[in-house]
There are 2 protein chains.
Amino acid sequence: MKKQTSAPRLSIAEENYLKAIYKLTEHSERPAATTAIAEQMQTAAASVTDMLKRLADKGLIHYERYKGVSLSDEGLRLATHLVRKHRLWEVFLVDKLGFGWDKVHDIAEQLEHIRSPELVERLDEFLGRPRFDPHGDPIPDAEGQFAERQQILLCKLTEGQQGVIVGVAEHAPSFLQFLDKLSLVLGTCLEVVERFDFDDSMKVRLPDGREVLLSSKVTHNLFVQKQPV
Amino acid sequence: MKKQTSAPRLSIAEENYLKAIYKLTEHSERPAATTAIAEQMQTAAASVTDMLKRLADKGLIHYERYKGVSLSDEGLRLATHLVRKHRLWEVFLVDKLGFGWDKVHDIAEQLEHIRSPELVERLDEFLGRPRFDPHGDPIPDAEGQFAERQQILLCKLTEGQQGVIVGVAEHAPSFLQFLDKLSLVLGTCLEVVERFDFDDSMKVRLPDGREVLLSSKVTHNLFVQKQPV
DNA sequence: AACTATTTTTTGGCTTGCCTAAAAAATAGT
DNA sequence: ACTATTTTTTAGGCAAGCCAAAAAATAGTT
């Protein structure tokens, strides 16, 4: 487990593992389990162990056998940069090329591996230095800093309160397409008409006057900014 | 050497070999030699032989031991599509992101491997369906058809004739930077003031009235459209 | 504490893509 | 027609990533 001194240019596979570990540890203090990484990467646990050793040798993760892994400072920096590239490309695909927000993930997954610092900076500039991607996720800046924003899940709103949709917690294309059908796109304002706490569903009023019933699944996966009424 | 029936998604390495073979056979009837491919790919000849067998198995090249290779119809189709993607991305990098024409090759070399038919079509549309890239090379359309254009090498112009620069035969960054210094960019009109046939150099007049002496190397690597005087 | 179920790692093996060294085939010169 | 040279292929190996199956460690239960 020798420390790597110079930056050794990661393979695409290594980058993907870093991103998987990032996702798994992003919202928790506990290290990521081998099985969880295998699940995330759709690969066998044995392959994960292989790769963890390599990433540990390169100093990108903290790894102790049987204890799971977390990102080192350098690993976090690289993972954050990948997130930055991924989200910037998503903005490009949606804003400039006119892709639907349900179609961009796989393409951005490829584009995020393009290596060129100057490209990323020029793209950022070209896009107008966006701070959020088409799904409402924050885009880290060149220093890895994420924008902060007041947002809560729709299910936290009480009857009579209004909110503006600013993000989605679930990125599954089928979910996004469902939202498209209901015109529940980013920027849409809605008011909670009635809450049904027994199943966490709620009826909301849309700008066009329509009232729609949203399931628990929906209310738990839409981020809104509370609006003063 | 079993024929491959379904399209098997090429690896990046395979794509790069196809492109190398394409470049080597583009302007000649003769098949590409193993050594030439090795030179082009900066790799060992033995590695090339390995790969040629694989590409032949997949039906992408015509390969007979010791005889060199040429692209099959399918191989040519794939190689042409790679060229299309490469040149479209170069247009994007120069026209939209403001890169210099001497800086885009390596980045486009990465971007050309992004797999998404819809992306290519949308990019083409976004760029205004350009028919030539920043170096003046034609961009094949979705059917693989190249645009035709009347163009000759600058060295073919006679004294007194005028031409507009429409392309470069040499893509080396140092050459492109040299052209930048002299303002010999695409679209520049020039008139041959004097030819020195003993070394193929010539003196030309630029739109701003400047007269510059161009070496054989330059006159043999600039494509111009002859202008009526 | 002992047993069991689960998780993780190890082991051995596969493919891709690269290498060097050596053999074989083609080409060129006499 | 024979030899020398060049080109190409074969043979054998190596590293990256992947897998399934066996072994080891951990955690949960009694």
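The figures that follow rest on heavy atoms only: side chains count, while hydrogens, waters and symmetry mates do not. Chain letters run A, B, ... following the sequence lines, proteins first, then strands; residues in each count from 1.
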Trainee: What ring-ring contact (aromatic ring centres under 6.0 Å, His included) pairs are there with at least one residue in residues 91-121 of chain B, not counting sequence neighbours?
Mentor: A:Phe92-B:Phe92, B:His86-B:His105, B:Trp89-B:Phe92

Trainee: Under a criterion of less than 4.0 angstrom to any heavy atom of chain B, what are the 5'-terminal and 3'-terminal contacting nucleotides of DNA chain D?
Mentor: D:dT7 to D:dT10

Trainee: Pairing of DNA chain C as dot-bracket, 5' to 3': ( ) intra-strand, [ ] crossing, | other strand, . unpaired, with Watson-Crick or G-U pairs under 3.5 Å?
Mentor: ||||||||||||||||||||||||||||||

Trainee: Taking C-beta and beyond as the side chain, do A:Arg54 and A:Met51 meet within less than 4.5 Å on heavy atoms?
Mentor: yes

Trainee: Which donor-acceptor pairs under 3.5 Å do side chains of residues 21-38 of chain B form with protein atoms, sequence neighbours excluded?
Mentor:
unit_1: B:Thr25; atom_1: OG1; unit_2: B:Ile21; atom_2: O; d: 2.8
unit_1: B:Thr25; atom_1: OG1; unit_2: B:Tyr22; atom_2: O; d: 3.4
unit_1: B:Ser28; atom_1: OG; unit_2: B:Arg30; atom_2: N; d: 3.1
unit_1: B:Ser28; atom_1: OG; unit_2: B:Arg30; atom_2: O; d: 3.3

Trainee: For B:Phe175 and B:Phe178, take the angle between the two ring planes, folded into 0 to 90°, and tell me which bin it lands in: parallel under 30, tilted 30 to 60, perpendicular over 60.
Mentor: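 If you compare the ring of B:Phe175 with that of B:Phe178, the planes turn out parallel.
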
Trainee: Is it possible for you to check whether B:Lys156 lies under 6.0 Å from the centre of the six-membered ring of B:Phe223, through NZ or CZ, and within 45° of that ring's axis?
Mentor: no

Trainee: Should B:Asp124 and B:Pro130 count as side-chain neighbours, where that means a heavy-atom distance under 4.5 Å?
Mentor: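 Sidechains of B:Pro130 and B:Asp124: in contact.
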
Trainee: Are A:Arg84 and A:Val120 side-chain neighbours, meaning at least one heavy-atom pair lies under 4.5 Å?
Mentor: yes

Trainee: Just the atom pairs and distances: protein N or O near nucleotides 15-17 of chain C's N or O, under 3.5 Å.
Mentor:
unit_1: C:dG17; atom_1: OP1; unit_2: B:Ser11; atom_2: OG; d: 2.5
unit_1: C:dG17; atom_1: OP2; unit_2: B:Arg54; atom_2: NH1; d: 2.5
unit_1: C:dG17; atom_1: O5'; unit_2: B:Arg54; atom_2: NH1; d: 3.4

Trainee: Can you tell if the side chain of B:Val166 reaches within under 4.5 Å of the side chain of B:Arg149, non-hydrogen atoms only?
Mentor: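 They are in side-chain contact.
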
Trainee: Contacts to DNA chain C from residues 24-49 of chain B, heavy-atom cutoff under 4.0 Å, which residues?
Mentor: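 Correct list: B:Thr43, B:Ala44, B:Ala46, B:Ser47.
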
Trainee: Given the rule in the side-chain contact (heavy atoms from CB on, under 4.5 Å) test, do B:Lys19 and B:Glu112 qualify, once you have shown the distances and angles that lead to the verdict?
Mentor: CA-CA 11 Å; B:Lys19 245 189 79 173; B:Glu112 75 192 4; 2.8 Å; yes

Trainee: Where is the tightest heavy-atom contact between B:Leu123 and B:Leu88, given as atom of each residue plus distance?
Mentor: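 Result for this residue pair: CD2-CB, 4.1 Å.
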
Trainee: Given B:Ile61 and B:Leu18, is the side-chain contact (heavy atoms from CB on, under 4.5 Å) satisfied, shown in steps?
Mentor: CA-CA 8 Å; B:Ile61 58 174; B:Leu18 279 190; 4.3 Å; yes

Trainee: Please find the pair of heavy atoms, one from A:Ser72 and one from A:His62, that lie closest to each other, and give the distance.
Mentor: CA-NE2, 3.4 Å

